[in-house]
Number of protein chains: 2
Amino acid sequence: MTTTGDTDDARVDEILSRLKGSSGRLTTGRRAIVQALLAAGDHHLNADELAAAVQAQHPHIHLSTVYRTLDALEVAGVLDRMALGTGGAVYHFTDHVHHHLVCKDCGAVVDIPPDLVSSLTGELQRRFGYDLDQARLAVSGRCERCRAALPTTSTSR
Amino acid sequence: MTTTGDTDDARVDEILSRLKGSSGRLTTGRRAIVQALLAAGDHHLNADELAAAVQAQHPHIHLSTVYRTLDALEVAGVLDRMALGTGGAVYHFTDHVHHHLVCKDCGAVVDIPPDLVSSLTGELQRRFGYDLDQARLAVSGRCERCRAALPTTSTSR
DNA sequence: GTCATTGCAAATGGTTTGCATTGTA
DNA sequence: TACAATGCAAACCATTTGCAATGAC
């Protein structure tokens with residue numbers, strides 16, 4: 001099932017052109033990487049998984065190319081990189097703002113809708129002068145499942 | 001200048017005894033590591049920096065011992081480990097709850113007082129069932145200095 | 001004496017880099 | 001043709017692990 005479409009194609013072109021900005025070049029590798037990134041949608045892909053997805057169609061594309069393209073996209077302001085504990089950094093499109101609730105035990109990630117945190121980021125921005133328009137927030141706690149799986153430390157609390 | 005004191009000594013003993021809980025043993029290495037951790041106060045030390053601090057007095061204490069002790073302290077519930085972007089994870093005492101505002105450019109870290117985030121964590125706890133009593137929050141944005149240092153990309157976006 | 005802890009070296013996982021080659025512009 | 005991007009291998013950083021030696025109990 002091809003998840004592609006005209007909309008995505010247009011988006012791919014737009015992103016690639018932003019990469020072109022400072023005398024960059026459009027290669028099949030970069031196109032494939034951006035396509036895979038878009039196809040992943042809301043999934044949290046790390047560089048390895050992205051490379052695997054790309055290599056399904058273009059086996060010769062090297063992991064280091066993926067890293068270099070991700071870097072370029074980050075510099076171009078297209079992507080945000082974020083380290084969510086273990087398993088490698090994950091990447092998001094800068095225009096798709098959301099935040100993360102991460103289980104410190106199993107690593108499960110839940111997306112937090114931005115409106116829940118906007119008052120906090122506003123306050124932080126006011127207090128500390130940080131630019132948080134594109135802020136990424138990671139909250140680490142323990143998910144329900146892992147909480148239940150805990151040895152009976154129940155009395156503590 | 002010994003930053004130590006009776007208070008700290010008592011705290012060191014208390015922490016070491018928590019490590020002893022399940023047939024653990026008290027070694028000079030562990031004591032030195034816990035002391036260094038307490039002496040660091042609010043600083044955000046990573047394993048490397050902690051090892052350096054310890055080795056100033058006990059040169060033979062190996063980095064891997066530091067890692068193993070930090071692990072043990074985490075398991076014992078004394079410490080929380082947290083990855084703040086680059087440069088290795090940092091550790092905090094679990095009873096000293098605070099959060100972090102991290103500059104995505106220069107890595108500068110500002111501590112966020114817990115009361116600013118409590119309403120958010122409460123809401124997240126309610127919505128997603130995560131246990132956030134000991135939550136750690138990392139907000140990544142751009143600090144004032146880096147913001148000023150940015151090339152005039154102001155029109156883009 | 002037992003066995004947890006340590007030192008050390010080597011392995012690991014994620015990421016970056018140097019360099020010769022490829023391929024876009 | 002010129003030079004950005006790539007493949008590849010090697011380097012790199014933070015962290016973990018196997019194993020024999022040490023030292024706390």
Side-chain angles (χ1 to χ4, degrees), chain A residues 12-13 15-34 36 44-52 54-55 57-76 78-91 104 107, chain B residues 12-13 15-34 36 44-55 57-76 79-91 104 107:
Chain A
V12 170
D13 287 339
I15 291 170
L16 288 173
S17 72
R18 286 174 75 175
L19 218 44
K20 252 194 89 172
S22 48
S23 72
R25 290 177 186 180
L26 299 179
T27 66
T28 49
R30 289 184 160 192
R31 174 168 288 272
I33 290 168
V34 170
H44 301 103
L45 292 184
N46 62 27
D48 228 39
E49 294 161 342
L50 180 59
V54 168
Q55 285 163 357
Q57 324 241 2
H58 306 265
H60 61 97
I61 293 186
H62 200 271
L63 177 59
S64 68
T65 299
V66 172
Y67 274 110
R68 279 190 273 227
T69 302
L70 288 171
D71 278 358
L73 288 169
E74 201 188 357
V75 170
V78 174
L79 293 181
D80 256 342
R81 172 196 313 225
M82 175 148 226
L84 296 179
T86 49
V90 298
Y91 296 79
K104 64 175 82 174
Chain B
V12 169
D13 287 339
I15 290 170
L16 288 173
S17 72
R18 288 175 72 176
L19 218 44
K20 252 194 89 174
S22 48
S23 74
R25 290 175 187 181
L26 272 56
T27 66
T28 50
R30 288 183 162 193
R31 174 168 288 271
I33 290 168
V34 170
H44 300 102
L45 291 185
N46 62 27
D48 228 38
E49 294 161 342
L50 180 59
V54 168
Q55 285 163 356
Q57 324 242 2
H58 307 266
H60 62 97
I61 293 186
H62 200 270
L63 178 58
S64 68
T65 299
V66 171
Y67 274 109
R68 279 190 275 225
T69 302
L70 288 171
D71 278 358
L73 288 169
E74 201 188 357
V75 170
L79 293 181
D80 256 343
R81 172 198 312 229
M82 177 148 223
L84 296 179
T86 48
V90 298
Y91 297 80
K104 64 175 83 175

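Keep in mind that this is a model prediction, so the values were computed, not measured. Note on naming: letters A, B, ... go to the chains in the order of the sequence lines (proteins, then strands), and numbering restarts at 1 for each one.
- Straight-line distance from the CG atom of A/Leu70 to the P atom of D/dA5: 14 Å, rounded to whole Å.
- At least one side-chain heavy atom of A/Asp13 sits less than 4.5 Å from a side-chain heavy atom of A/Arg31.
- With the nearest nucleotide of DNA chain C identified for both A/Asp48 and B/Ile61, B/Ile61 has the one nearer the 5' end.
- Nearest heavy-atom pair across B/Ile61 and B/Gly29 is CD1-CA, 3.4 Å.
- Across the protein-nucleic acid pair, B/Glu74 atom CD and D/dT15 atom P stand 11 Å apart, rounded to whole Å.
- Going from atom NE2 of A/His60 over to atom P of D/dC8 covers 10 Å, rounded to whole Å.
- Nearest-nucleotide positions on DNA chain D for B/Leu26 and A/Leu26 put A/Leu26 closer to the 5' end.
- The phosphate of C/dT5 (OP1 or OP2) has no side-chain N or O of B/Thr27 nearer than 4.0 angstrom.
- Considering B/Thr69, B/Leu63, B/Asp71 in turn, B/Leu63 is the only one that fulfils the side-chain contact (heavy atoms from CB on, under 4.5 Å) rule with B/Tyr67.
- For the residue pair A/Leu45 and A/Glu49, the shortest heavy atom distance occurs at CA-OE1, 3.4 Å.
- Side chain of B/Arg25, nearest nucleotide from D/dC25, C/dT6, D/dT6: D/dC25.
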Protein-nucleotides 16-22 of chain C N/O pairs closer than 3.5 Å?
| from | atom 1 | to | atom 2 | distance (Å) |
| --- | --- | --- | --- | --- |
| C/dG18 | O6 | A/Arg68 | NH1 | 3.2 |

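- We find that CG of A/Asn46 is positioned 7 Å from P of C/dG14, with the value rounded to whole Å.
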Original post:
Where do A/Arg81 and A/Leu70 land on the side-chain contact (heavy atoms from CB on, under 4.5 Å) test, with the steps shown first?
Top reply: CA-CA 9 Å; A/Arg81 172 196 313 225; A/Leu70 288 171; 5.5 Å; no
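- Distance CZ (A/Arg31) to C1' (D/dT6): 18 Å, rounded to an integer number of Å.
- One finds the CZ atom of A/Arg25 at 15.0 Å from the CG atom of A/Leu16 (value rounded to the nearest 0.5 Å).
- Remark on DNA chain D: of its neighbouring residues B/Thr28 and A/Thr28, the 5'-side contact belongs to A/Thr28, judged by nearest-heavy-atom nucleotide.
- Using a 4.0 Å heavy-atom criterion, one finds that A/Ala89 contacts the sugar-phosphate atoms exclusively.
- As a whole-Å value, the separation of B/Leu19 CG from D/dA24 P is 15 Å.
- With rounding to the nearest 0.5 angstrom, the NE2 atom of B/His58 is 9.5 Å from the CD1 atom of B/Ile33.
- Taking CG from B/Leu73 and CG from B/Leu19, the interatomic distance works out to 5.0 Å, rounded to the nearest 0.5 Å.
- Between A/Ala47 and A/Val66, the closest heavy-atom pair is O-CG1, 3.9 Å.
- Rounded to an integer number of Å, the gap from A/Leu45 CG to C/dG14 P is 14 Å.
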Can you give me the N/O atom pairs linking the protein to nucleotides 11-13 of chain C at distances under 3.5 Å, or say none if there are none?
none

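- In this structure, the CZ atom of B/Arg30 is 15 Å from the P atom of D/dG23, given to the nearest Å.
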